[in-house]
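All residue numbers in this chain count up from 1 along the given sequence. Since the structure is predicted, the reported quantities are computational estimates derived from the model, not experimental observations.
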Amino acid sequence: MPEGHTIHRLAADHEERFAGAPVRVTSPQGTFAASAALLDGRTLVRADAHGKHLFLGFGDAGWVHIHLGLFGKLGFGTAPAPPPTGTVRLRLLNDAHHADLRGPTACALITGPEKDAIHARLGPDPLRPGEDGERARLRIARSRVTVAALLMDQKVVAGVGNVYRAEVLFRHGIDPYRMGKDLTRAEWDAIWADLAELMREGVRNNRIDTVRPEHLPEAMGRPPRVDDHGGEVYVYRRTGQPCHVCGTPVRTAVLAARNLFWCPTCQRR
């Protein structure tokens with residue numbers, strides 16, 4: 001499932017390509033056809049992102065709410081667009097660009113109040129302006145749930161996925177099994193600030209990189225990482241490989257149905 005930086009990047013990509021002018025809107029697959037007909041020819045006013053939720057705003061006509069889920073894909077191309085396949089749930093098209101949405105968990109035309117309700121049930125997003133992480137801190141500070149599970153709970157922090165969860169805990173030497181209530185204010189403030197910076201860099205570069213300069217391949221004389229997410233990391237998907245800092249083999253376990261990665265030496269309780 002895409003992490004929050006990807007969704008913010010998609011929002012920016014939609015604004016760059018489509019905002020401010022009328023857009024052709026179709027649903028080749030057919031399941032979004034009625035809503036697409038209401039939007040066809042209208043102007044895309046703005047795009048918004050909160051956590052893993054993308055919103056495309058068409059003024060008084062409402063917002064297209066998209067959640068990619070595990071299998072959704074959203075891709076861009078130039079015009080003229082190729083003939084759409086039957087798997088395209090939503091296509092946006094103008095004279096220069098097209099965007100195709102396939103296989104999302106959610107694609108629905110919603111009202112402004114319905115959009116507000118989605119924001120209300122989500123935790124703070126490190127990439128949204130004006131968020132300081134205090135709402136998340138208050139929930140974490142009274143929780144007996146593990147920090148690792150809390151970071152993946154979108155009602156606590158929106159946009160953090162498995163990669164950022166594993167990496168930010170490593171970067172701050174925090175055992176993933178510590179309870180939320182045992183996290184200090186200073187530790188949480190440092191985690192929140194680091195998430196915001198790492199995720200902003202993810203938006204800029206369209207990939208996740210979490211390794212500090214002294215641990216990059218060229219600095220350590222090691223081969224670069226090869227992985228489909230495309231970035232340099234400390235522990236994510238590095239089970240059994242030596243930690244870049246201490247050399248201890250990276251461990252993995254299943255927590256809340258997701259794989260957890262950590263260094264037992266660098267991340268002591």
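More than 12 heavy atoms of other residues, nucleotides or ligands lie within 6.0 Å of CZ in R178, so this atom counts as buried by the packing criterion. More than 12 heavy atoms of other residues, nucleotides or ligands sit less than 6.0 Å from atom CG of D116. The 12-atom threshold is not exceeded at CZ of R42, counting heavy atoms of other residues, nucleotides or ligands nearer than 6.0 Å.
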What do the steps show when you test D132 against R137 for salt bridge (Lys or Arg N to Asp or Glu O under 4.0 Å), and what is the final call? CA-CA 9 Å; D132 60 7; R137 186 192 71 81; over 6 Å; no
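Between F76 and H98, the gap from one ring centroid to the other reaches at least 6.0 Å. Taking the six-membered ring for Trp, F55 and H119 have ring centres closer than 6.0 Å.
Clustering ILVMFWY residues whenever any of their side-chain heavy atoms sit less than 4.5 angstrom apart, transitively, puts L68 in a cluster other than the one holding M199. L169 and V145 fall within a single hydrophobic cluster, where Ile, Leu, Val, Met, Phe, Trp and Tyr are joined by side-chain heavy atoms under 4.5 Å apart, directly or via other members. With hydrophobic clusters built from ILVMFWY side chains whose heavy atoms lie under 4.5 angstrom apart, Y236 shares a cluster with F170. Both I191 and V233 are part of a single hydrophobic cluster, where members link through side-chain heavy atoms under 4.5 Å apart. Residues F58 and F18 are members of one and the same hydrophobic cluster, defined by side-chain heavy-atom contacts under 4.5 angstrom among Ile, Leu, Val, Met, Phe, Trp and Tyr.
Side chain of E16 to main chain of A12: no donor-acceptor pair is present (N/O by atom type, distance under 3.5 Å, no hydrogens or angles). T265 contributes no side-chain N or O that, together with a main-chain N or O of T248, makes up a donor-acceptor pair within less than 3.5 Å. Under the 3.5 Å distance criterion, the side-chain polar atoms of E167 are matched with a main-chain donor or acceptor of V235. With hydrogens and angles disregarded, a donor-acceptor distance shorter than 3.5 Å links the side chain of E187 to the backbone of T184. Of the possible polar contacts, one joining the R165 side chain to the A148 backbone as a donor-acceptor pair under 3.5 Å is found. At distances below 3.5 Å, at least one donor-acceptor pair connects side-chain atoms of R9 with backbone N or O atoms of V203. Side-chain N or O atoms of Q241 include none that pairs as donor or acceptor with a backbone N or O of V250 at under 3.5 Å. Here the side chain of R139 pairs no donor or acceptor atom with the backbone of S143 at under 3.5 angstrom.
Salt bridge status for R204 with E197: present, with a side-chain N to carboxylate O gap under 4.0 Å. Contact check on D194 versus R171 returns a salt bridge, with a Lys/Arg side-chain nitrogen under 4.0 Å from an Asp/Glu carboxylate oxygen. K115 has a carboxylate O that lies under 4.0 Å from a charged side-chain N of D48, or vice versa, which qualifies the two as a salt bridge.
From I208, atom CD1 reaches atom OG1 of T6 across 6.5 Å, with rounding to the nearest 0.5 Å. Taken from CD in E232 to CD in E218, the straight-line distance is 8.0 Å, to the nearest 0.5 Å. Distance check, rounded to the nearest 0.5 Å: CH2 of W188 to CD1 of I174 gives 9.5 Å. Rounded to the nearest 0.5 Å, atoms CG (L44) and CZ (R17) are 12.5 Å apart.
Residues T26 and P84 fail the side-chain proximity criterion, which asks for heavy atoms closer than 4.5 Å. Side-chain contact check for Q267 versus P176: some heavy-atom pair is nearer than 4.5 Å.
Side-chain atoms of D125 and H8 include a donor-acceptor pair closer than 3.5 Å.
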